[in-house]
Amino acid sequence: MRSRQDIVEIFSSFIQFNADRFSNWVTEPKLRRSMQNSLIQSPQATTKENFWALYWYKLWLAQPESLAFGHLYAYLQEAGYWAAQNIVTNFTSSQHTLADCFQMAITKVDKILQGFNSQQGFNLKNYASAIFTSTIKETLRQRQEVDICTDWSLLRKLSHKRLEEALQNAGLSPEKIASYLLAWNCFKTIYVPIQAGATRQLAKPDSVTWEAIAKLYNSQNPSTKIHQAETLEQWMLACAKAARSYLYPTVASINTPKPGQDSGEWLDNLPELQGESLLTNIITQEEIQNRQTQYKQISEVLVAVIAKLDVQAQQILKLYYGEALTQQQMAAQLDIKQYTISRRLTKCREELLKALAQWSQDLHISLTSDVLKNISAVLDEWLQGHYSQTELKSSRE
DNA sequence: CTCACGTAGCCAGCCTGTAG
DNA sequence: CTACAGGCTGGCTACGTGAG
């Protein structure tokens, strides 16, 4: 896919698919005019996408019926596309196409805007990526495409109230429910994951853990009947099954992209929001937390590396990412050749990538070419964000 | 299609540090 | 001293993309 560079295009065009591949960007004339006018009228006259994302977001808050929604819908196309591609590449075999997944994601723009909080120090695109990814996974999961949450993870995430409702919903007797809930409490007490994060793929507890759970259960159980570890395991599986059937609502149909769709009709074709499953909310929250933590960690790593670079390298990064100069302009300003600028930039990015790669390896993320591509994209986005923020700060001082 | 522009790859040459 | 490796730069040019 060709990423959009022009600020007007970024806020006024939409992805068109052809035979499940990115075909082209289609511009909505009304949005284009609106964006051009806004650019002319803006006292800052900036072409920074973060600025405009925030601008349209704030306008959308004040006037939800305005064109702001259309601009943001256009803006988040790439985030939706990359989320869809990531899922198609890494998680599903399957009959679901890239265009299909993209559609699952992009229908959530409304929800994203409602859930977004600009005060959290999180940019809209990152926030949207998190929601897009979890939305697609959840929709696929509902269609039995991927099992992204093991029974054991689900059991750990459930609240007491929710599990009780699920068991009641499954038609169990109050005595049985009480036993199951007690067993579940023991399970939660004993089976605490050692590794933070990655809790969705929590594995089945080992036999020692089951014995410990059974021991705790038997010590707390008011009746004298002793239950074996195997029974407890069966109960927990029954709880997970009940929770799944209780938590997942009937799957709403997803609008598929319409081939040859006229670009002028997109507003009329916005799919309606689907009913939210509770699990989606749980996963989304986890996804956002993970992202925020990761973003903070990435920032710390990169800021440290940049501080170690020589002065000229730092200056080049600042001019390129902060002031958006071309290599030619930088060459003239710094009195060095364009190709030297290019090489230094490449070298800086290499240094930063190396640090990021090291960081991701420390998290035991294997560095496949896809991962590296993602890291590289994250790095570029981070650099742009980093230098536009430092510029904002220095202009205020 | 051509043309302009921005970027980066290729190759040669220079400089510096190090080992023998 | 020489030989060599590694890093950097200069010059040229290919490639991708957008505009006309």
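Naming: A, B, ... by sequence-line order, numbering from 1 per chain.
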Indicate, with yes or no, if the rings of W60(A) and H71(A) have centres closer together than 6.0 Å. no
Residues in salt bridge (charged side-chain N to carboxylate O under 4.0 Å, His left out) with E351(A), at least two apart? K354(A)
d(E78(A) CD, F132(A) CZ) to nearest 0.5 Å is 11.0 Å
Rounding to an integer number of Å, can you tell me how far Q328(A) CD sits from dT13(C) C1'? 14 Å
Gap separating the NE2 atom of H386(A) from the NZ atom of K318(A), nearest 0.5 angstrom: 10.5 Å
Separation of atom CG in L319(A) from atom P in dG6(B), rounded to whole Å: 15 Å
Under 4.0 Å protein heavy-atom contact, by nucleotide of nucleotides 8-16 of chain B - B base, S sugar-phosphate only: B-B------
In whole angstroms, the gap separating P of dG7(C) from CD of E351(A) amounts to 11 Å
Phosphate OP1/OP2 of dC8(C) contacted by K347(A) side-chain N/O (<4.0 Å): yes
How many Å lie between CZ on R32(A) and C1' on dA19(C), as a whole number? 11 Å
Got a sec, which pairs hit salt bridge (charged side-chain N to carboxylate O under 4.0 Å, His left out) with one end in residues 209-227 of chain A, sequence neighbours left out? none
Quick one about D110(A) and Q114(A) (side-chain donor to acceptor, distance below 3.5 Å, no hydrogens or angles considered), yes or no? yes
